[in-house]
There are 2 protein chains.
Amino acid sequence: MVNRSSASTLGFALLGLIAQKARSGYDLRKFFSSTPMASFSDSPGTIYPALRRLERRGLIRGQVDRERGRRRRELFQLTPHGRAEFHRWLQRGITRADVEHGVDALILRFAFMDEGAGRTAAFRFLKALGKELGEYIPSLREYLNSNRPSMPLSGRLALENGILRYETLLGWTKAAMAAYRKEN
Amino acid sequence: MVNRSSASTLGFALLGLIAQKARSGYDLRKFFSSTPMASFSDSPGTIYPALRRLERRGLIRGQVDRERGRRRRELFQLTPHGRAEFHRWLQRGITRADVEHGVDALILRFAFMDEGAGRTAAFRFLKALGKELGEYIPSLREYLNSNRPSMPLSGRLALENGILRYETLLGWTKAAMAAYRKEN
DNA sequence: TAGTCCATGTAAGATGTTACATGATTCA
DNA sequence: TGAATCATGTAACATCTTACATGGACTA
């Protein structure tokens, strides 16, 4: 069986944007098509059903905005339950699986951290991510060293790119922590 | 309607590994669980149905390996059609959408490039990727500069991480091209 | 002989994609 | 008035996840 109550990555992205201010499906589509959050699809077949799922689970509620002379549109806002679920998502710990599976979802979480969970939580997140990366990167290096001779050049370079990506991320966590310290 | 003849990212990952040598579903699961390709799920409910789909489309064919004293297992290899489709995937151009949507699928493609399409194709890929990144990164910078004042710290840092990621990747393409030149 | 690893699968459901569809409003 | 944009949706389908299930072979 599958998680029936909470949301997917897209779901949390929508929750985060709606948490900032009430938005319509169209607003959200435009946001995805016109900002660096373009990794999410802006197609109506993705957005509108996702919003209905969030509504069905009681995480958001929509109300039709019927100002005269304006096109009909439906603005969504978080319910208290939605706000709580979103907050729980932000507060989740960081696992090896999170880091292995692709770091984009983690960065998405972090992007909403200040607004949704506060700066202390943001700092804690960075520290936990740094710790996890510090443990993961050596295992990648080890794999590279053991398999280097048998790997084709493009395969080796691809792996080196992965390692570089994680190392850059680790450096970024440190710079980001410094930025938080400076602000306080 | 949806692409019925070709494969998903997971499908191409499987094709690439099977192209290297004949493998069973179990081999592939172990590969995903024990190497840096851990971003793919190693669960049987993911792998076995994906293999059946590839088989149904005529991209791979399996034959049951029934050596006595060994457990029954089914080894898959590429069909000529599968090899051709895989090759076409490797040769695909690089679009803005590829870069925006997440660069992991591109790196996967590159990892198989030498074996599946040769070094000339690998070099061409790096050049095209570098060009696309060179055009994309400034648009991210521009967004950051326009929106910096209104962004919360964690949001701004997340975006900076994205830019840094693309810049690191651009640097890597240059180093990788140098590595190819040196080999020839 | 009991536990572990090898090896393959199915079922139910959530999620996402592409394509198709509709109608109102604004603007040239 | 015709095109573009605003705004929301459905249908069909592929894909993926989680959980459940089975049985043979190896090893302590």
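Residue numbering restarts at 1 for every chain, and letters A, B, ... go by the order of the sequence lines.
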Students often get this wrong, so: under 4.0 angstrom with heavy atoms, is Leu10(A) touching a base, only sugar-phosphate, or nothing?
sugar-phosphate
Those residues at least two apart in sequence (or on a different chain) that pass salt bridge (Lys or Arg N to Asp or Glu O under 4.0 Å) with Asp114(B) are Arg119(B)
Donor-acceptor contact present, side-chain Thr173(B) to main-chain Leu126(B), <3.5 Å
no
Just how far, in rounded Å, is P of dT10(C) from CD1 of Ile47(B)?
15 Å
So which of residues 29-43 of chain A are in contact with DNA chain D, with a heavy-atom cut-off of under 4.0 Å?
Arg29(A)
Rounded to whole Å, how long is the line connecting atom CD of Glu74(A) with atom C1' of dC6(D)?
15 Å
If you take any heavy atom closer than 4.0 Å to DNA chain D, which residues from residues 95-109 of chain B end up in contact?
none
In whole angstroms, the gap separating C1' of dT15(D) from CZ of Phe12(B) amounts to 14 Å
Where along residues 15-26 of chain A does a heavy atom come under 4.0 Å from DNA chain D, residue by residue in number order?
Ser24(A), Gly25(A), Tyr26(A)
Should the pair Asp27(A)-Arg73(A) be classified as a salt bridge under the 4.0 Å nitrogen-to-oxygen rule?
yes
Can you name the residues that form a ring-ring contact (aromatic ring centres under 6.0 Å, His included) with Tyr180(A), not counting sequence neighbours?
none
Pairs flagged by ring-ring contact (aromatic ring centres under 6.0 Å, His included) wherever residues 42-62 of chain B is involved - sequence neighbours left out:
none
Between Pro44(B) and Gly45(A), name the one whose nearest nucleotide on DNA chain C is closer to the 5' end.
Pro44(B)
Between protein and nucleic acid, restricted to nucleotides 22-24 of chain C and to nitrogen or oxygen atoms under 3.5 Å apart, what atom pairs and distances do you find?
none

Could you tell me whether the side chain of Tyr166(A) and the main chain of Val99(A) form a donor-acceptor pair under 3.5 Å?
yes
Check step by step if side-chain contact (heavy atoms from CB on, under 4.5 Å) holds for Glu74(A) and Gln63(A).
CA-CA 5 Å; Glu74(A) 187 169 3; Gln63(A) 54 184 5; 5.9 Å; no
Whole angstroms only, please: what is the CZ-P distance between Arg72(A) and dT26(C)?
16 Å
Under-4.0 Å salt bridge between Glu160(B) and Arg148(B)
yes
How many whole angstroms separate atom CG of Leu75(B) from atom C1' of dA7(C)?
12 Å
Does a salt bridge link Lys127(B) with Glu132(B), judged by any charged N lying under 4.0 Å from a carboxylate O?
no
Throw together a table of side-chain donor-acceptor distances under 3.5 angstrom for residues 11-20 of chain A, partners on residues two or more places apart or in other chains.
residue	atom	partner	partner atom	Å
Gln20(A)	OE1	Arg23(A)	NH2	2.6
Gln20(A)	NE2	Glu115(A)	OE1	3.3
Gln20(A)	NE2	Glu115(A)	OE2	3.1

Which residues within residues 48-55 of chain A lie with some heavy atom under 4.0 Å of an atom in DNA chain D?
Tyr48(A), Arg52(A)
Rounding to 0.5 Å, atoms CZ (Arg109(B)) and CG (Asp104(B)) come to a distance of 13.5 Å
With no hydrogens and no angle check, is any side-chain donor or acceptor of Thr35(B) less than 3.5 Å from a backbone partner on Phe32(B)?
no
Those residues at least two apart in sequence (or on a different chain) that pass ring-ring contact (aromatic ring centres under 6.0 Å, His included) with Phe86(B) are Trp89(B), Phe112(B)
Classify the side-chain pair Ser6(B)/Glu85(B) by whether it contains a donor and acceptor separated by less than 3.5 Å.
yes
Residues in ring-ring contact (aromatic ring centres under 6.0 Å, His included) with Phe123(A), at least two apart?
none
Salt bridge (Lys or Arg N to Asp or Glu O under 4.0 Å) against Glu100(A), all qualifying residues, sequence neighbours excluded
none
Within the 4.0 Å heavy-atom criterion, would you say Ser8(B) contacts the bases, only the backbone, or no part of the nucleic acid?
sugar-phosphate
Could you tell me how far apart Asp65(B) (CG) and dC6(C) (C1') are, to the nearest whole angstrom?
13 Å
